[in-house]
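What you see below is based on every heavy atom in this structure, not just the backbone, and it leaves out hydrogens, waters and symmetry mates. Chain naming here is simple, since letters A, B, ... match the order of the sequence lines and numbering starts at 1 in each.
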2 protein chains.
Amino acid sequence: MASSIHDLARHLNISIGTVSRALNGRADVNADTRQRVLEAARELNYSPNQSGRSLRQGATRSIAFMLQPHPGDQEYGEPFFIPFLTGLQARLAESGLDLIVVMGAPGDYQQERLRRVVETRRADAVVLAWTRREDERIDYLTERGFPFATLGRSRSGGSSYPSLDLDFEKAGSDAVDRLLARGHRRIAAIRPALDLNFGYLFLDGYRKALKRHGIEVDPGLIADGFINEAGGYQVTPRVMLAKDRPTAIIFNNDAMALGGCKALAEMGIRPGHDIAVTVIVDTPLCRYFSPALTAFRPSLEPMGRRLAEMLLASLPAFAGPEGTRIIHEVWPLELIARESD
Amino acid sequence: MASSIHDLARHLNISIGTVSRALNGRADVNADTRQRVLEAARELNYSPNQSGRSLRQGATRSIAFMLQPHPGDQEYGEPFFIPFLTGLQARLAESGLDLIVVMGAPGDYQQERLRRVVETRRADAVVLAWTRREDERIDYLTERGFPFATLGRSRSGGSSYPSLDLDFEKAGSDAVDRLLARGHRRIAAIRPALDLNFGYLFLDGYRKALKRHGIEVDPGLIADGFINEAGGYQVTPRVMLAKDRPTAIIFNNDAMALGGCKALAEMGIRPGHDIAVTVIVDTPLCRYFSPALTAFRPSLEPMGRRLAEMLLASLPAFAGPEGTRIIHEVWPLELIARESD
DNA sequence: TGTGTTCTCGTAAACGTTTACGGAAATCCG
DNA sequence: CGGATTTCCGTAAACGTTTACGAGAACACA
């Protein structure tokens with residue numbers, strides 16, 4: 001069916017070694033024969049078998065991104081990652097690498113799937129997202145010496161791998177500053193209950209900003225919930241029942257914010273009028289919601305490009321002349337002021 | 001580094017052939033030796049090299065989904081596909097297949113990327129979405145005899161491949177019926193300008209329903225735009241400037257509807273009050289928009305499962321006892337009445 | 001002319017599997 | 001007990017590449 005390097009060799013009456021060298025642009029092949037090989041390749045519609053090549057070279061020339069759907073929220077997609085993946089893909093393609101997105105089942109937290117990818121050597125490196133504070137995936141990969149990079153920081157694995165994260169601490173702090181400047185004193189914070197690292201960073205920023213302004217942190221105004229709409233819906237009433245009601249809520253996540261607003265609506269509390277609502281990570285949903293939610297926006301597509309760049313810089317096979325480098329970066333979030341605060 | 005089948009053989013002092021047979025559960029291996037092999041495999045942390053296996057078997061045991069980001073609309077993700085992919089992945093995993101999502105650059109319409117996947121044999125079959133009326137990808141795949149299935153129908157390729165589509169025609173018709181029942185007579189239709197097949201199906205349903213009620217189809221009420229928010233924003237005023245203004249608009253696409261509503265707002269026209277707005281394919285954005293948009297909702301996750309099932313049934317290697325079957329299905333969309341009409 | 005260098009190519013091994021084939025040992029059966 | 005059958009395993013080839021090695025031819029140079 002598909003033509004192999006042997007077909008080319010037979011067709012041109014030369015050896016497969018020469019064909020391979022010609023195709024791979026090696027120096028020790030006559031310019032004339034190279035020309036003929038390339039023509040024959042086009043004519044016979046040849047393209048190399050990736051399995052054969054991978055087997056020989058021990059490299060698949062592809063990078064895997066582990067995509068994890070939100071558990072328990074079938075209807076809600078993951079618009080967050082698509083622009084990121086677009087950037088990631090674009091940069092990898094420039095270096096001739098394929099991006100493969102490995103889907104996991106919702107909720108299994110990828111460990112099994114990750115093992116499969118690593119152990120069957122389906123990819124040369126992986127990119128992780130939704131990093132946890134203590135992340136077993138990172139432990140696993142560092143232990144095995146498998147190359148990877150992360151979108152998000154973690155305590156696990158030291159600083160032996162490239163990572164790109166958003167400055168959730170600053171965003172949390174800025175959100176508080178802004179609300180304080182607008183006269184709020186009772187500010188609640190709602191974040192995901194899992195060990196997700198950005199939840200800690202956000203809360204750190206929140207706490208520090210309050211303290212900086214001499215305001216005591218009230219544990220009754222901080223709540224953790226499941227990281228989806230249902231979680232926000234469930235947990236928001238809890239902070240609203242604090243003895244001294246908050247006049248503002250900062251949500252760490254768009255889906256939780258939407259659920260929270262639903263709960264507020266049912267309590268007769270109108271975001272933007274009766275209460276200020278701020279969201280840390282902006283998505284299109286925030287923009288279209290009514291009232292439009294004030295939120296902190298990441299530059300996802302450039303981040304994807306950059307993380308690909310950083311990953312490549314850490315791989316010996318792709319690092320430039322100055323050798324491999326492990327880069328860590330933290331990118332700012334941009335405040336998009338809308339109607340909800 | 002990673003242990004191979006040779007390591008196991010050496011460790012157990014048996015031949016690699018026996019090891020392979022033991023691992024693959026073939027009959028002609030002693031129960032005792034099989035036990036020892038499996039233990040050794042666990043002990044040495046063995047797992048088969050996918051490249052070697054693929055090379056020998058001529059199959060990668062993975063299915064590729066071609067994911068295409070919307071062009072020109074960086075911020076807007078593609079929440080539509082995630083639940084679909086979740087279902088697809090789940091069903092494939094049950095048959096031991098991996099799902100790999102191949103990202104393309106926005107706008108290149110995948111032809112290049114598809115060629116890469118097919119020609120380098122990175123996957124055993126592919127799943128296509130966003131089918132066009134005349135789809136060069138389908139032509140290419142049928143011509144090459146490469147197995148695939150589609151989410152959506154097409155004129156290309158006959159009925160030689162499994163396809164699962166939504167009943168856009170019925171949805172378009174139902175949408176018109178509903179608006180007519182509510183007293184509207186001037187109903188506009190806005191759909192994507194590309195050759196996307198569902199745009200035709202939708203418009204067919206729209207036209208038929210109008211004719212069925214004896215209402216003439218006014219070309220001035222039909223407009224095509226770029227399939228994103230900007231497209232909806234740009235094209236909506238065109239139908240609003242018809243000599244006899246429409247009192248209702250049906251959008252074929254959520255993003256176009258959102259852009260259209262923005263344009264309407266700027267014209268001082270309020271959806272849900274001054275004009276009825278219906279969307280054919282519901283996404284979370286429709287639910288959160290204000291006013292919440294009446295829309296027709298697909299069951300994406302079950303559709304993903306089903307299309308995987310249908311694809312497997314068409315593959316000789318996976319078809320059940322009754323042999324391979326090419327299945328075509330068209331699934332209904334469910335009307336979700338909200339506030340915008 | 002003889003020696004050394006450069007250019008170009010063929011040979012063959014290797015990557016990690018699976019599997020067709022055959023053979024030795026064990027078992028069965030009349 | 002002898003032949004037939006079954007059980008189990010080793011051998012080796014094959015999948016499609018890449019690449020180390022070496023060899024022949026052409027060329028340069030003294």
Side-chain angles (χ1 to χ4, degrees), chain A residues 1-38 40-41 44-62 96 98 116 118-124 317, chain B residues 1-38 40-41 44-62 96 98 116 118-124 317:
Chain A
M1 173 84 253
S3 58
S4 80
I5 214 170
H6 291 91
D7 300 326
L8 287 191
R10 207 174 314 123
H11 184 253
L12 294 169
N13 211 24
I14 57 179
S15 79
I16 60 163
T18 305
V19 174
S20 176
R21 281 192 297 267
L23 291 172
N24 291 356
R26 307 195 86 87
D28 57 347
V29 49
N30 186 291
D32 201 54
T33 26
R34 160 166 301 128
Q35 193 61 30
R36 286 170 45 227
V37 168
L38 292 178
L44 298 191
N45 200 9
Y46 168 81
S47 60
N49 180 305
Q50 185 58 42
S51 299
R53 179 178 264 183
S54 300
L55 180 58
R56 169 62 215 226
Q57 297 191 318
T60 64
R61 297 197 70 81
S62 66
D98 284 339
R116 268 184 76 90
V118 170
E119 293 179 357
T120 63
R121 271 135 278 170
R122 259 189 200 282
D124 298 337
Chain B
M1 174 83 252
S3 58
S4 80
I5 215 171
H6 292 91
D7 300 327
L8 287 190
R10 206 175 315 120
H11 184 252
L12 294 170
N13 212 23
I14 58 179
S15 80
I16 60 163
T18 305
V19 174
S20 176
R21 281 192 297 266
L23 291 172
N24 290 355
R26 306 195 87 87
D28 58 346
V29 49
N30 186 290
D32 201 53
T33 17
R34 162 166 299 129
Q35 194 59 30
R36 285 170 47 227
V37 169
L38 292 179
L44 297 192
N45 201 8
Y46 168 81
S47 59
N49 180 307
Q50 184 60 40
S51 299
R53 177 179 266 184
S54 300
L55 180 57
R56 167 64 213 229
Q57 297 192 318
T60 64
R61 296 196 70 80
S62 66
D98 284 338
R116 268 183 76 90
V118 169
E119 293 178 358
T120 63
R121 271 134 278 170
R122 260 190 199 281
D124 298 337

Holding to side chain to side chain contact (heavy atoms under 4.5 Å, CB included), I want the full list of residues that pass it with [X], two or more places apart in sequence or in another chain.
X        : value
Ala59(A) : Asp124(A)
Ser15(B) : Thr18(B)
Asn13(A) : none

Taking only residues at least two apart or on different chains, which pairs with a member in residues 8-18 of chain A satisfy salt bridge (Lys or Arg N to Asp or Glu O under 4.0 Å)?
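Pairs touching residues 8-18 of chain A that pass the test: Asp7(A)-Arg10(A).
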Residues two or more places apart in sequence or in another chain: which of them pass side-chain hydrogen bond (donor to acceptor under 3.5 Å, both in side chains) with Ser62(B)?
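Checked Ser62(B) against side-chain hydrogen bond (donor to acceptor under 3.5 Å, both in side chains); matches are Thr60(B).
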Just jot down the side-chain hydrogen bond (donor to acceptor under 3.5 Å, both in side chains) partners of Ser51(A), sequence neighbours excluded, or say none.
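Residues passing side-chain hydrogen bond (donor to acceptor under 3.5 Å, both in side chains) with Ser51(A): none at all.
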Could you run through nucleotides 13-22 of chain D and give me one letter per nucleotide, 5' to 3': B if any protein heavy atom sits under 4.0 Å from the base, S if only the sugar-phosphate is that close, - if neither?
BBBBBBBB--
Whole angstrom value for the distance that separates P of dG24(D) from CD1 of Ile14(A):
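Roughly 20 Å, once rounded to whole Å.
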To the nearest angstrom, how far is Leu12(B) atom CG from dC9(D) atom P?
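Going from Leu12(B) (CG) to dC9(D) (P), I get 11 Å.
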Pairing residues for Arg116(A) by the salt bridge (charged side-chain N to carboxylate O under 4.0 Å, His left out) criterion, not counting sequence neighbours
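Only Asp98(B) meet the salt bridge (charged side-chain N to carboxylate O under 4.0 Å, His left out) criterion with Arg116(A).
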For Ser54(A), answer base if it contacts any base atom (sugar-phosphate contacts may also be present), sugar-phosphate if it contacts only those atoms, and nothing otherwise; contact means non-hydrogen atoms under 4.0 Å.
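If one applies the 4.0 Å heavy-atom cut-off, Ser54(A) turns out to touch nothing in the nucleic acid.
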Test side chain to side chain contact (heavy atoms under 4.5 Å, CB included) on Ser54(B) and Gln50(A) and set out the steps.
CA-CA 9 Å; Ser54(B) 300; Gln50(A) 185 58 42; over 6 Å; no
Using rotation axes that map the C1' atoms of four end pairs onto the next four (five pairs an end), what angle separates the end axes of the helix from dT1(C)-dA30(D) to dG30(C)-dC1(D), to 10°?
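Helix axis angle between the two ends: 40°.
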